[in-house]
Asker: 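Right, I'll just put the structure down here and ask away after.
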Number of protein chains: 2
Amino acid sequence: MNTFTEENYLKAIYHLSTQSESVSTNQIAASLHTKAASVTDMLKKLADKELINYARYQGVTLSVKGEKVALSIVRKHRLWEYFLVEKLNFKWDEVHEVAEELEHISSYELVDRLDEFMGHPKFDPHGDPIPDKNGHFKAHELKPVSALLVNTVGIISGVREHSPAFLQHLEKIKLVIGKKIKVCDINSYDHSITLLLEDELLYISRDVANNLLITI
Amino acid sequence: MNTFTEENYLKAIYHLSTQSESVSTNQIAASLHTKAASVTDMLKKLADKELINYARYQGVTLSVKGEKVALSIVRKHRLWEYFLVEKLNFKWDEVHEVAEELEHISSYELVDRLDEFMGHPKFDPHGDPIPDKNGHFKAHELKPVSALLVNTVGIISGVREHSPAFLQHLEKIKLVIGKKIKVCDINSYDHSITLLLEDELLYISRDVANNLLITI
DNA sequence: TAAAAAATTTAGATTAGTCTAAAAATGAAA
DNA sequence: TTTCATTTTTAGACTAATCTAAATTTTTTA
């Protein structure tokens with residue numbers, strides 16, 4: 001099996017890979033709050049284990065084997081988040097750190113039974129898709145609210161930013177997963193947006209609109 | 001906080017302390033499947049952190065602080081075992097290893113909510129008491145079946161041996177927690193015992209009788 | 001109570017993961 | 001296309017946890 005640390009590297013590479021094809025040493029270092037030199041050391045080890053494709057100075061991609069491991073970590077993370085919110089009544093902004101630990105519990109039996117216990121949920125509390133035991137998942141077709149035109153509607157279905165501060169803010173203004181919104185006005189000066197949310201008008205900044213995702 | 005390894009040492013010392021007042025280096029080494037030299041190194045570290053009382057060559061006891069940590073690990077371990085059996089339908093012989101990992105998840109919020117979710121259970125699936133969040137628990141007054149006299153009765157309430165093999169054996173002969181038994185005969189040659197269990201006669205070896213605990 | 005046996009500790013290495021500082025490779029700009 | 005800045009890697013060191021082998025202390029026993 002892989003160590004806790006190796007799993008965290010694979011997960012980081014997986015998430016960074018959704019942004020750009022190949023992932024750089026510095027990107028990984030930033031995302032794991034570590035130093036480039038440490039990343040290089042680990043990349044050598046992961047390459048030896050054939051979990052990544054790595055050539056010096058050229059960045060990395062996950063191998064098929066590495067992606068499988070990464071997806072199993074992501075699956076565990078998101079299932080635990082769902083459990084924490086749905087069964088233990090945690091708030092959606094409180095679950096990330098605990099899930100960061102729980103995702104490394106090795107038993108596949110455990111995660112599969114947990115999945116069953118909860119009725120095979122398809123999305124975690126932040127709207128991110130939960131891979132099944134084979135690593136397959138279907139993502140929503142998501143757009144940031146900022147990409148909507150005036151008078152169009154959407155359903156809040158995810159976030160691009162996962163910080164507790166952002167999540168708490170959304171919670172406070174009742175912009176949570178599942179709610180239906182309509183764009184009423186876009187301010188041409190600062191790109192802030194006026195939304196209609198359950199018969200109430202709501203003003204959000206461009207920043208919030210960029211990080212809040214909807215399905216149509 | 002303490003490392004995973006430190007927690008395992010504290011837990012081992014805690015369990016060994018229930019047998020003998022002071023715990024020896026070799027006892028710890030045996031229980032953790034490690035070497036005496038490694039134990040000595042760790043004991044120095046734990047003593048520096050004031051988690052144990054340690055004098056060279058004299059064995060160790062837990063400090064008040066160390067016992068608190070140990071009890072919190074035991075609490076987590078037993079609550080998770082309860083969860084696995086009661087909510088996820090694991091068998092009582094399948095939960096130990098998974099709980100060995102889960103007990104190191106650091107969040108106290110998590111374990112307290114889990115406790116509440118399950119209705120504050122007082123005993124784990126093997127009959128061992130679950131400490132509350134302050135480390136308090138009331139143990140059953142337990143006796144091994146081998147200590148009973150002929151024609152006395154008892155209720156299966158715990159095990160002294162936790163190996164899957166032993167637990168599976170008990171399950172197979174239906175000697176599980178909560179069942180009422182009566183001692184019908186004690187063989188004077190090999191000390192094997194004939195029990196009455198739900199109108200059926202059952203023969204158990206001295207070894208089984210020693211490791212199966214009852215309340216009266 | 002002295003010698004032998006057992007238990008424990010120390011000394012010195014090893015591995016995983018990390019770091020800083022210096023060297024090397026890459027890529028951008030003049 | 002040479003120079004400069006940036007990125008990445010290497011070199012060497014550190015910490016936590018472990019090990020083997022040797023030394024020391026305690027306990028047993030004769």
Side-chain angles (χ1 to χ4, degrees), chain A residues 1-14 16-17 19-62 66 69-70 73 100-101 103-106, chain B residues 1-14 16-17 19-62 66 69-70 73 100-101 103-106:
Chain A
M1 258 308 97
N2 308 297
T3 67
F4 192 104
T5 310
E6 286 168 347
E7 291 186 346
N8 281 337
Y9 273 86
L10 292 173
K11 187 177 52 140
I13 296 167
Y14 174 81
L16 292 167
S17 295
Q19 323 260 112
S20 53
E21 182 57 31
S22 168
V23 175
S24 75
T25 301
N26 267 357
Q27 279 178 295
I28 298 169
S31 123
L32 293 176
H33 307 104
T34 184
K35 297 299 152 77
S38 312
V39 174
T40 300
D41 286 346
M42 182 56 83
L43 293 183
K44 283 184 204 157
K45 185 181 309 181
L46 294 174
D48 284 349
K49 293 180 132 190
E50 298 184 318
L51 292 162
I52 59 172
N53 309 113
Y54 171 58
R56 264 153 72 255
Y57 296 99
Q58 302 313 135
V60 288
T61 57
L62 289 176
V69 176
I73 309 295
E100 288 283 292
E101 291 185 53
E103 72 190 6
H104 298 290
I105 303 295
S106 57
Chain B
M1 258 308 98
N2 309 298
T3 66
F4 192 103
T5 310
E6 287 167 347
E7 291 185 347
N8 280 338
Y9 272 85
L10 293 173
K11 186 176 54 140
I13 297 167
Y14 174 81
L16 292 167
S17 295
Q19 324 259 113
S20 54
E21 183 56 32
S22 168
V23 176
S24 75
T25 301
N26 267 356
Q27 280 179 295
I28 299 168
S31 122
L32 293 176
H33 306 105
T34 184
K35 297 299 152 76
S38 312
V39 174
T40 300
D41 286 347
M42 183 56 83
L43 293 183
K44 283 185 204 157
K45 186 181 307 180
L46 294 174
D48 284 349
K49 290 180 135 189
E50 298 185 318
L51 292 162
I52 59 172
N53 309 113
Y54 171 58
R56 261 153 74 256
Y57 294 100
Q58 304 313 134
V60 287
T61 58
L62 289 177
V69 177
I73 310 295
E100 287 283 293
E101 290 185 54
E103 72 190 6
H104 300 290
I105 303 296
S106 57

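So you know, we letter chains A, B, ... as the sequences are listed, proteins then strands, and number each from 1.
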Asker: Before giving the answer on side chain to side chain contact (heavy atoms under 4.5 Å, CB included), spell out for Tyr54(B) and Thr40(B) the whole-Å C-alpha distance, their side-chain angles and the decisive distance to 0.1 Å.
Answerer: CA-CA 10 Å; Tyr54(B) 171 58; Thr40(B) 300; 3.9 Å; yes
Asker: Take the protein atom CE of Met42(A) and the nucleotide atom P of dT9(D), then report the distance between them rounded to whole Å.
Answerer: 14 Å
Asker: At under 4.0 Å between heavy atoms, how does the protein contact nucleotides 19-26 of chain D? Give one character per nucleotide, 5' to 3', with B, S or -.
Answerer: BBB--BSS
Asker: My understanding is that only residues two or more places apart in sequence, or in another chain, count here; which of them pass side chain to side chain donor-acceptor pair (under 3.5 Å) with Thr34(A)?
Answerer: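 Listed in chain order: nothing, the list is empty.
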Asker: Only counting residues at least two apart or in another chain, list the ones meeting side chain to side chain donor-acceptor pair (under 3.5 Å) with Asn26(B).
Answerer: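 Checked Asn26(B) against side chain to side chain donor-acceptor pair (under 3.5 Å); zero matches.
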Asker: Counting only heavy atoms and a strict 4.0 angstrom limit, can you tell me which residues of residues 22-31 of chain B come near DNA chain D?
Answerer: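 The stretch gives none, as no residue of it lies under 4.0 Å from the strand.
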Asker: Return the set of residues passing side chain to side chain donor-acceptor pair (under 3.5 Å) with Thr5(B) (not counting sequence neighbours), or none when no residue passes.
Answerer: none
Asker: Write down the distance between CG (Leu46(A)) and C1' (dA16(C)), rounded to a whole number of angstrom.
Answerer: 12 Å
Asker: For Tyr57(B), check ring-ring contact (aromatic ring centres under 6.0 Å, His included) against everything at least two apart and list the hits.
Answerer: none
Asker: Just jot down the salt bridge (Lys or Arg N to Asp or Glu O under 4.0 Å) partners of Glu103(A), sequence neighbours excluded, or say none.
Answerer: Lys11(A)
Asker: Taking only residues at least two apart or on different chains, which pairs with a member in residues 49-59 of chain B satisfy salt bridge (charged side-chain N to carboxylate O under 4.0 Å, His left out)?
Answerer: Glu6(B)-Lys49(B)
Asker: Applying side chain to side chain donor-acceptor pair (under 3.5 Å), name anything that partners Thr3(A), two or more places apart in sequence or on another chain.
Answerer: none
Asker: Considering every strand and a 4.0 Å limit on heavy-atom distances, what is the contact class for Thr5(A): base, sugar-phosphate, or nothing?
Answerer: sugar-phosphate
Asker: Nearest to the side chain of Tyr54(A) - dT10(C), dT9(C), dT9(D)?
Answerer: dT9(D)
Asker: Which part of the nucleic acid, if any, lies within contact of Phe4(B), taking any heavy atom under 4.0 Å across all strands shown: a base, the sugar-phosphate backbone alone, or nothing?
Answerer: nothing
Asker: Quick one: is dA16(D) close enough that its OP1 or OP2 comes under 4.0 Å of any side-chain N or O from Tyr9(B)?
Answerer: no
Asker: Please state how far atom NZ in Lys44(A) lies from atom P in dT15(C), giving the value in whole angstrom units.
Answerer: 16 Å
Asker: Measuring from the side chain of Thr40(A) (C-beta onward, heavy atoms only), which nucleotide among dA16(C), dA16(D), dT8(D) has the closest atom?
Answerer: dT8(D)
Asker: To the closest 0.5 Å, what do you measure between CG (Leu46(B)) and CG (Leu62(B))?
Answerer: 9.0 Å
